[in-house]
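Structure record follows, encoded as structure tokens.
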Amino acid sequence: MINRKYLTTGGIILGKRLDLIKNIINTTKFEKDNVLKEVESQSNRNLILNEDDDKIIKKCVAKKVKAKRNDRLEKIEGGPNLKVRPEWVNLNESYNNKFYKQPTIQEKNRINRFFNSSEVAYEWSVGDFSIIPGETACSSENSVQNNNDCKNSKIDQGKRKMPFQLINGLPEIVFLGRSNAGKSSILNNLVTEFKRNKIIEVAKMSKRAGFTRTLNCFNIGNKFRLIDTPGYGYGSNIEQGTVAMEYLEKRKELRRCYLLLSANHGITELDLSMIENLIVLGRPFEIVFTKMDKIKDLSQFEDMIVQSGIQDLSTLPKLIFTNSVSSKRCPKRYGMDYLRYSIFESCGLV
């Protein structure tokens, strides 16, 4: 709606001019030129549009064009009122309704507001578990400087004493998965507002497998920490696997693990081995399927889940289905609200 204060001359509202501008806004961009020519031909100067009016018109027309484009994306053949909602999105409810409470709209909105507005702070990267802030090796003031085996580690080495904010006992959740399973992409999507097309890059992403080589810690709104780990499998090495497993075994602040699996690659023996390790360690975990927008045959994908046996696990992990990239097939980034809720629930913040 146009604010009338922009359309006044000498304190008098130009009613004809207001109607004329509304007429322009309600036309298509092709008809707009014709209406403008008609305006310019008016003998009454009060009806001629100035620069401020033109800015208002352009802004409103652009908004209408964007709305029409979104409407087209939400329509599919065979039904103008049907929305492009991928069928796989319903899996988030159908696979978890039996054992878990579904988040309400109010809960989703509250948690989404937190993730959209909270500051995300990178805190540390380590290649050795013993130098993680709060662990035994950090009791010495110079422990970081004296540890020559961890050249990749970064923990405020310019300070002699460990800052309290790094050892304040915030709950931690960790992302695990094969190399190039989309762990860094999911992390970036978690802290990006749904309306944004461009993803906020908190964690560096790469199509190259094995890009993440250390444990990387991010503080989310000073409520919890999210740990990004090196991927296992192709492109990884023994040292990366050692630090990740030691973290899973010994870290007291760890509340829950999220095992990320590429939906288009299915569940491999390495994934099943990781699931077995988590069960043996007694670590609660959930399974997150990434890249669901690449699934072409949903029934075949569901058969794969049944054959893998993950639904029969005694720990009853949640199955969360997501896509990190919006496209014509997936105009939104689905599943993030379920993942956000699960993280809040794991950290006792619900």
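Since the model is a prediction, treat every value here as computed from it, not as a measurement. In this chain, numbering begins with 1 at the start of the sequence shown. These values consider heavy atoms only, across backbone and side chains, with no hydrogens, waters or symmetry-generated copies.
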Exercise. Checking side chain to side chain contact (heavy atoms under 4.5 Å, CB included) against K291, which of N323, L260, I186, N264 comes through?
Worked result: N264
For this session: Ignoring hydrogens and angles, state whether a donor on the side chain of Y341 or Q102 is under 3.5 Å from an acceptor on the partner side chain.
Result: no
Seminar exercise, completed: Rounded to the nearest 0.5 angstrom, the CD-CG distance for E276 and L281 is 10.5 Å
Exercise. L176 versus F285: any side-chain heavy-atom pair under 4.5 Å?
Worked result: no
For this session: For the pair R225 and E253, find out whether any cationic side-chain nitrogen is under 4.0 Å from an anionic carboxylate oxygen.
Result: no
Exercise. So do the side chains of F114 and I220 get within less than 4.5 Å of each other, counting heavy atoms only?
Worked result: yes
For this session: Apply salt bridge (charged side-chain N to carboxylate O under 4.0 Å, His left out) to E172 and R251, showing your working.
Result: CA-CA 9 Å; E172 296 178 1; R251 188 62 169 170; 2.7 Å; yes
Exercise. So which heavy atom on C347 is nearest to which on I173, and how close?
Worked result: SG-CG2, 3.8 Å
Exercise. Will you find, in the side chains of Y122 and S125, an N or O donor that is under 3.5 Å from an N or O acceptor?
Worked result: yes
Problem set entry | Any T268 side-chain heavy atom under 4.5 Å of D271 side chain | yes
Exercise. If you measure only the distance, is there a donor-acceptor pair under 3.5 Å linking the side chains of T192 and N189?
Worked result: no
For this session: Indicate the ring-plane relationship of F129 and Y247, choosing parallel, tilted or perpendicular according to the 30° and 60° boundaries.
Result: perpendicular
Exercise. What's in the same ILVMFWY side-chain cluster as Y100, cut-off under 4.5 Å, chained through other members?
Worked result: F99, L316
Exercise. With no hydrogens and no angle check, is any side-chain donor or acceptor of E286 less than 3.5 Å from a backbone partner on K318?
Worked result: yes
Problem set entry | Close side-chain approach of L170 to N222, heavy-atom, < 4.5 Å | yes
Exercise. So, R340 side chain and L190 main chain: donor-acceptor pair closer than 3.5 Å or not?
Worked result: yes
Exercise. So, does S346 use its side chain to make a donor-acceptor pair with the main chain of S342 at under 3.5 Å?
Worked result: yes
Problem set entry | Counterpart residues, ring-ring contact (aromatic ring centres under 6.0 Å, His included), relative to Y95 (two or more places apart) | F321
Exercise. To the nearest 0.5 Å, how far apart are CD1 in I320 and CG in L259?
Worked result: 11.5 Å
Exercise. Which atom names give the shortest non-hydrogen contact between D228 and L187, and what distance separates them?
Worked result: CB-CD1, 4.1 Å
Seminar exercise, completed: The residue among L91, I310, L261 that forms side chain to side chain contact (heavy atoms under 4.5 Å, CB included) with L319 is I310
Problem set entry | Heavy-atom pair with the smallest gap, counting every atom of I295 and A263 | CD1-O, 3.4 Å
Exercise. For F301, is the NZ or CZ atom of K296 found under 6.0 angstrom from the centre of its six-membered ring and inside 45 degrees of the ring axis?
Worked result: no
Exercise. Is the closest side-chain heavy-atom distance between E345 and K101 below 4.5 Å?
Worked result: no
For this session: Indicate the atoms forming the closest heavy-atom contact of S118 with G221, along with that distance.
Result: CB-CA, 3.8 Å
For this session: Begin from the C-alpha positions of W124 and I227 and carry the test side chain to side chain contact (heavy atoms under 4.5 Å, CB included) through to its verdict.
Result: CA-CA 10 Å; W124 48 260; I227 312 299; 4.1 Å; yes
Exercise. Closest approach of S130 and E135, non-hydrogen atoms and distance?
Worked result: O-CB, 3.9 Å
For this session: Measure the shortest side-chain to side-chain distance between R256 and P284 over non-hydrogen atoms and say whether it is less than 4.5 angstrom.
Result: yes
Exercise. Counting only N and O atoms by type, is there a donor-acceptor contact under 3.5 Å from the side chain of T214 to the main-chain atoms of G127?
Worked result: no
For this session: Ignoring hydrogens and angles, tell me if any N or O in the side chain of Y258 forms a donor-acceptor pair with the backbone of I343 under 3.5 Å.
Result: yes
Problem set entry | Approximate separation, where rounding is to 0.5 Å, of F218 CZ and F224 CZ | 12.0 Å
Exercise. Parallel, tilted or perpendicular: which describes the rings of F344 and F115, with under 30° parallel and over 60° perpendicular?
Worked result: tilted
For this session: May I ask you to test the R113-N109 pair for a side-chain heavy-atom distance under 4.5 Å?
Result: yes
Exercise. Side-chain contact, heavy-atom cut-off 4.5 Å: N90 with R85?
Worked result: yes
Exercise. Can N92 and Y334 be said to form a side chain to side chain contact (heavy atoms under 4.5 Å, CB included), step by step?
Worked result: CA-CA 10 Å; N92 281 304; Y334 295 100; 5.7 Å; no
Exercise. Are any side-chain N or O atoms of R283 and backbone N or O atoms of L248, one a donor and one an acceptor, separated by less than 3.5 Å?
Worked result: yes
